[in-house]
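To keep things clear, I will list the structure first and then write my remarks on it.
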2 protein chains.
Amino acid sequence: MADVDRADEGLYSPVKSADRTLQVLEALASGDRRVSLAELARDLQIPKSSLHGILKTLVQRGWVDVDETGLRFGLGLRALLVGASFVESDDVVARVQPVLDWLSAESGREAVHLGRLDATDVIYLAKRESAHALRLFSAIGRRLPAHATALGKVLLARRTDEEVCALLEWPLAPLTARTIVGREELLAELALVRQQGYALDNEENADGIRCFAVALDTASPSLDAISFSIPIFRLDDALQTRTLELLAEGKRRIEASWPTRLR
Amino acid sequence: MADVDRADEGLYSPVKSADRTLQVLEALASGDRRVSLAELARDLQIPKSSLHGILKTLVQRGWVDVDETGLRFGLGLRALLVGASFVESDDVVARVQPVLDWLSAESGREAVHLGRLDATDVIYLAKRESAHALRLFSAIGRRLPAHATALGKVLLARRTDEEVCALLEWPLAPLTARTIVGREELLAELALVRQQGYALDNEENADGIRCFAVALDTASPSLDAISFSIPIFRLDDALQTRTLELLAEGKRRIEASWPTRLR
DNA sequence: GATTTGTGTTCAAGGTGATGAACGTCAAAC
DNA sequence: GTTTGACGTTCATCACCTTGAACACAAATC
């Protein structure tokens, strides 16, 4: 009876406690507050007794931190280590740094980002902050829905319509009043992006901010993109044109420094 | 026969595969290059066959990334998630942000850091970069030996000499020609720090840079500290005095905003 | 061409972690 | 004062992960 779908599992079965260890870390990372063992056990559908041992292991290694009461669990300092190391060791991140410096300087210190597509989200991997008072909140490792950002849309445009339809959950979650939520609208937008060669996010992600992005051909399919984020009140046609030129030149410089030719 | 030392283990035994999962992540984070399964197995003293399952699990969840050849393993994008989340959810980090902004502005955009002591290292948790061209290389999550930094020394000074002696490995590893490596020298330095109330790092960590730090009494014993890092050629007595005043005021502001009174 | 050394992968057998029920504890609700 | 529900903890039983050896393969070396 219970053996019916054994064939499906046959392809690959994860090591249970290793898998759960990662589940716990991901759950603690996605939640915004500390949680109890029992709460975590309910959320992850893991028996309390099993979770107990795993949590103790995580705490002992400093990956999970316990409240002074010993009842609430959150991420520990060790969790920071891997993230920092990932950023430092990534090839694309390393090679893009000087170009980001150049883009930041040439643009008069507008906010520049390097982002990577991870399933339905875009993750910031590197940035140069704006010198202007109005600081866009963004941090390395932060993730935003791909459909609501210029970075995300320019990367989604490298996929086929079928892939995009299968990947995203419809209707899309809105971040602002202008976020594209419909399937037809997004596919039309992606078609435009493919034609233009760049993506534009017009207050779809944060009010008052417009972003411009181009995809980097450093992998196939393309996973990385660079963008500028500029407050609308400061934008005019000349600045917009200049921004797109800078992005195109930035892309050229990054790809020129790339060891293995793609496309 | 095999039961002889059962009593010792009784205190606590980690879940083996959970523990190993974390070991793998830590090893991948500390190494600077990608490694093979066999190499990792040797380093961590884990049988290849056991590691095989764990690595597959890590790869499937996106915590570990495989080379296009399928032979070299490195950290995956998922590793970035927990680090970013840790920083965003930490109470001290959240409360310190406005004070860092203030310190950065008041100082004319010198480099400011918030650091936390983790065993023998100091980890950067937040920063404001210098506006000056000479950019100190530093990133959130980066760790530096405590004995070679102002942040570290001011935190070590909150421990007793006995604790410090037991904690660090003597002789200390030098980072520059001026790094304190001897036990007597460091203890004398820490005594001076206790008397002054602040720590100074005079090119002990990077050539040409002097740092100033004060400890924050947000936990007991104190784990967090804030610092300024300033190129020596730009420093004079007036700036040094001003910097120490700013740190003292920053410390006061942070502690004033703290919910639970300490000390 | 044979050998060595590197890689990842598989498998049966034995050791060990997962499990759910029962427990101890505490604080809040009745 | 009792009850209820929340919490973490423990334990014997069984499922399953761990293990070493053997395998398949590639690349460098003899």
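Each chain gets a letter, A, B and so on, in the order its sequence line appears, and its residues count up from 1. For clarity, every value in this text was computed on a predicted model and none was experimentally measured.
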Could you check whether A/Arg158 pairs with A/Glu163 (Lys NZ or Arg NE/NH1/NH2 to Asp/Glu carboxylate O, under 4.0 Å)? no
Taking all heavy atoms of A/Ala146 and all of A/Leu117, pick out the closest pair and write down the distance. CB-CD1, 3.7 Å
Which is it for B/Asp121 and B/Arg143 under the salt bridge (Lys or Arg N to Asp or Glu O under 4.0 Å) test, yes or no, and what are the steps along the way? CA-CA 6 Å; B/Asp121 295 330; B/Arg143 48 175 67 214; 3.1 Å; yes
Please lay out, stage by stage, how A/Arg33 and A/Glu39 fare under the test salt bridge (Lys or Arg N to Asp or Glu O under 4.0 Å). CA-CA 12 Å; A/Arg33 64 183 205 295; A/Glu39 194 174 349; 2.3 Å; yes
Could you go step by step and tell me if A/Arg95 and A/Asp90 meet the salt bridge (Lys or Arg N to Asp or Glu O under 4.0 Å) rule? CA-CA 9 Å; A/Arg95 284 170 190 280; A/Asp90 191 273; over 6 Å; no
Minimum heavy-atom distance between A/Thr160 and A/Arg194, given as atom pair plus value: C-NH2, 4.2 Å
Check the distance between D/dT19's P and B/Leu51's CG and give it to me in whole angstrom. 10 Å
Could you tell me the boundaries of the chain A footprint on DNA chain C, defined by atoms under 4.0 Å from its heavy atoms? C/dA18 to C/dG20
Mind telling me whether B/Trp63 and A/Trp63 have parallel, tilted or perpendicular rings, with 30° and 60° as the class edges? tilted
Using the 3.5 Å cut-off, write out each protein N or O paired with an N or O of nucleotides 6-10 of chain D and the distance between them.
residue : atom : partner : partner atom : Å
D/dC7   : OP1  : A/Ser36 : OG           : 3.0
D/dG8   : OP1  : A/Leu37 : N            : 2.7
D/dG8   : OP1  : A/Leu71 : O            : 3.4
D/dG8   : OP2  : A/Ala38 : N            : 2.9
D/dG8   : N7   : A/Lys48 : NZ           : 3.4
D/dG8   : O6   : A/Lys48 : NZ           : 3.1
D/dT9   : OP2  : A/His52 : NE2          : 2.5
D/dT9   : O5'  : A/His52 : NE2          : 3.3

Please tell me if the side chains of B/Leu25 and B/Leu58 come closer than 4.5 Å, counting only heavy atoms from C-beta onward. yes
